[in-house]
Amino acid sequence: MTHVDVTGSGSPLVLIHGLATTRSIWRHAAPRLAATRQVVTLDVPGFGSSRPVGRGFDLEVVAGRVAEDLRAGGVPEPYDLVGHSMGAAVALMLAAREPEAVRSLVLVSPAGLRPTPLAAAAVLGIVAELYIPVRRRASVLASWSWGRRLLMAGGVADGAALAPPVVRELVGASRGARRIGPALSAVASADLRDILATLPVPVGAVWGRSDRVIPPGGVQTVRRLRPDAVCEVIDGVGHISMVEQPDAFVDALERVLVAVS
């Protein structure tokens, strides 16, 4: 079963996290969102408290399991659906499979729109399997500004700007992740552009201007594929804007949700 948490009341908003983390990635932004909405956060199958589905990480199968478990958990439909990075690829597949369940889709620094060759994607998965546990064991370095920059290199605009407990939480969230390599390989090689172009639900996107994992030039890809898409780019943040600047992220997300509704 997919582990799901629900807070607040009102129009349902489902948030799907990215690679090597859990639903905890949203905890800095969720309280503000839950002031006016029913906020649903979940652990993607193979991460956090959710058991894997299948041997690897098949995006369509994972998306199907998430959709089934949201329905089984009584989450009202249609819901607004937000996915970050890997979670955006899962969310896009879910919306394609279950368009009647999704009121709108917002992609946050999404994977799946710039495919990497299969061989290179496989290598990326292997490297991630080796690197992420090493980084987790080095979490003691979060006590120093240089250590936070090192631990969060590439992921945020400035790791030193994050509090030590936040960095430790981010690094430690990969504990228990059982599908890091297969998931990274799957989303890195996925080409979801045709699905996005033909998706029969309103679409928005939120990006960090300093994102070095999935550069914000991808906004142009979204706009080309979906001229109707509403896009926001947040200054001063990298790949995990919902942690780096939660208030700016919530403001941008709310503007997009209002515009696409």
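This structure is a prediction, so every number in the text was calculated from the model and none was measured.
A distance-only check finds a donor-acceptor pair linking the side chain of Ser50 to the backbone of His3 [under 3.5 Å]. Between the Trp207 side chain and the Ile214 main chain, a donor and an acceptor come within less than 3.5 Å of each other. Put simply, the side chain of Arg226 never gets that close to the backbone of Arg224: no donor and acceptor are under 3.5 Å apart. A donor-acceptor pair under 3.5 Å links the side-chain atoms of Arg32 to the main chain of Asp247, judged by distance alone. Within the 3.5 Å criterion, the main-chain N or O of Ala160 finds no donor-acceptor partner in the side chain of Arg149. The backbone N or O of Leu162 sits less than 3.5 Å from a side-chain atom of Arg148, completing a donor-acceptor pair. Side-chain atoms of Glu77 never come within 3.5 Å of backbone atoms of Glu100 as a donor-acceptor pair (strictly under, hydrogens ignored). Side chain of Asp191 to main chain of Pro115: no donor-acceptor pair is present (N/O by atom type, distance under 3.5 Å, no hydrogens or angles). In this structure, the side chain of Arg179 engages the main chain of Arg55 through a donor-acceptor pair within 3.5 Å. Side chain of His17 to backbone of Ser24: no donor-acceptor contact under 3.5 angstrom is found.
Interatomic distance, CD1 of Ile240 versus CG of Leu170, reported as 4.5 Å (0.5 Å rounding). The line from CG of Leu184 to CD1 of Ile132 is 7.5 Å long, rounded to the nearest 0.5 Å. Between the OG1 atom in Thr21 and the CE atom in Met86 there is a gap of 9.0 Å [rounded to 0.5 Å]. Note that the CG atom of Leu192 and the CG atom of Leu92 stand 5.0 Å from one another [nearest 0.5 Å]. One distance of note links OG1 of Thr7 with CG of Leu13; it measures 9.5 Å at 0.5 Å rounding. Here OG of Ser189 is found 5.0 Å from CG of Leu118. Values are rounded to the nearest 0.5 Å.
Nearest heavy-atom pair, Asp211 versus Ser109, reported as atom, atom and distance to 0.1 Å: OD2-OG, 2.9 Å. Across all non-hydrogen atoms, the minimal contact from Ser241 to Val108 is OG-CG1, 4.3 Å. Minimum interatomic distance between Pro12 and Pro78 (heavy atoms only, all atoms of both residues): CG-O, 3.7 Å. Between Arg23 and Leu42 the shortest heavy-atom distance is CB-O, 3.4 Å. When all heavy atoms of Val201 and Pro99 are compared, the closest pair comes out as CG1-O, 3.7 Å. For the pair Ile16 and Gly87, the tightest heavy-atom approach, listed with the atom from each and the gap, is CG2-CA, 3.6 Å.
Side-chain atoms of Val243 and Glu169, non-hydrogen and from C-beta on, never get closer than 4.5 Å to each other. Side-chain contact between Cys231 and Gln220: absent, with no pair of heavy atoms (C-beta onward) separated by less than 4.5 Å. Using a 4.5 Å heavy-atom cutoff, the side chains of Trp26 and Val39 are not in contact. Residues Met242 and Leu15 form no side-chain contact, since every pair of their non-hydrogen atoms from C-beta on lies 4.5 Å or further apart. Residues Ser185 and Leu124 fail the side-chain proximity criterion, which asks for heavy atoms closer than 4.5 Å. Looking at Leu196 and Thr221, their side chains never come closer than 4.5 Å, going by heavy atoms from C-beta outward. Looking at heavy atoms from C-beta onward, Arg103 lies out of side-chain contact with Val260 at the 4.5 angstrom threshold. Within the 4.5 Å cutoff, no side-chain heavy atoms of Glu244 are placed close to those of Ile234.
Linking Ile, Leu, Val, Met, Phe, Trp and Tyr residues whenever their side-chain heavy atoms come within less than 4.5 Å places Leu59 and Leu199 in a single cluster. Grouping the Ile, Leu, Val, Met, Phe, Trp and Tyr side chains by contacts below 4.5 angstrom, directly or via other members, places Leu105 apart from Val82. There is a path of hydrophobic side-chain contacts, each under 4.5 Å, that joins Leu81 to Val6. The same ILVMFWY cluster, assembled from side-chain heavy atoms under 4.5 Å apart, contains both Leu107 and Val102. Hydrophobic clustering (side-chain heavy atoms under 4.5 Å, transitive across Ile, Leu, Val, Met, Phe, Trp, Tyr) keeps Leu130 apart from Val213.
Within a 6.0 Å sphere centred on CZ of Arg97, heavy atoms belonging to other residues, nucleotides or ligands number more than 12. For Asp228, the CG atom counts as densely surrounded, since its 6.0 Å shell holds more than 12 non-hydrogen atoms of other residues, nucleotides or ligands.
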As a quick check of understanding, evaluate side chain to side chain contact (heavy atoms under 4.5 Å, CB included) for Thr22 and Ser49, giving each step before the final call.
CA-CA 8 Å; Thr22 69; Ser49 301; over 6 Å; no

Does the side chain to side chain contact (heavy atoms under 4.5 Å, CB included) test come out yes or no for Leu19 and Val187, once each step is laid out?
CA-CA 10 Å; Leu19 185 77; Val187 299; 5.9 Å; no

Apply side chain to side chain contact (heavy atoms under 4.5 Å, CB included) to residues Arg65 and Arg51 and explain how you reach the verdict.
CA-CA 11 Å; Arg65 173 60 60 84; Arg51 294 192 302 271; 5.9 Å; no

Step-by-step side chain to side chain contact (heavy atoms under 4.5 Å, CB included) determination, Phe249 to Val237:
CA-CA 9 Å; Phe249 170 77; Val237 298; over 6 Å; no

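In this pair, Phe47 and Phe57 present their aromatic rings perpendicular. The plane angle is above 60°, beyond the 30 to 60° band.
A salt bridge links Arg71 with Glu98: at least one charged nitrogen is closer than 4.0 Å to a carboxylate oxygen.
Between the side chains of Arg135 and Ser174, no donor-acceptor pair is found at a separation under 3.5 Å.
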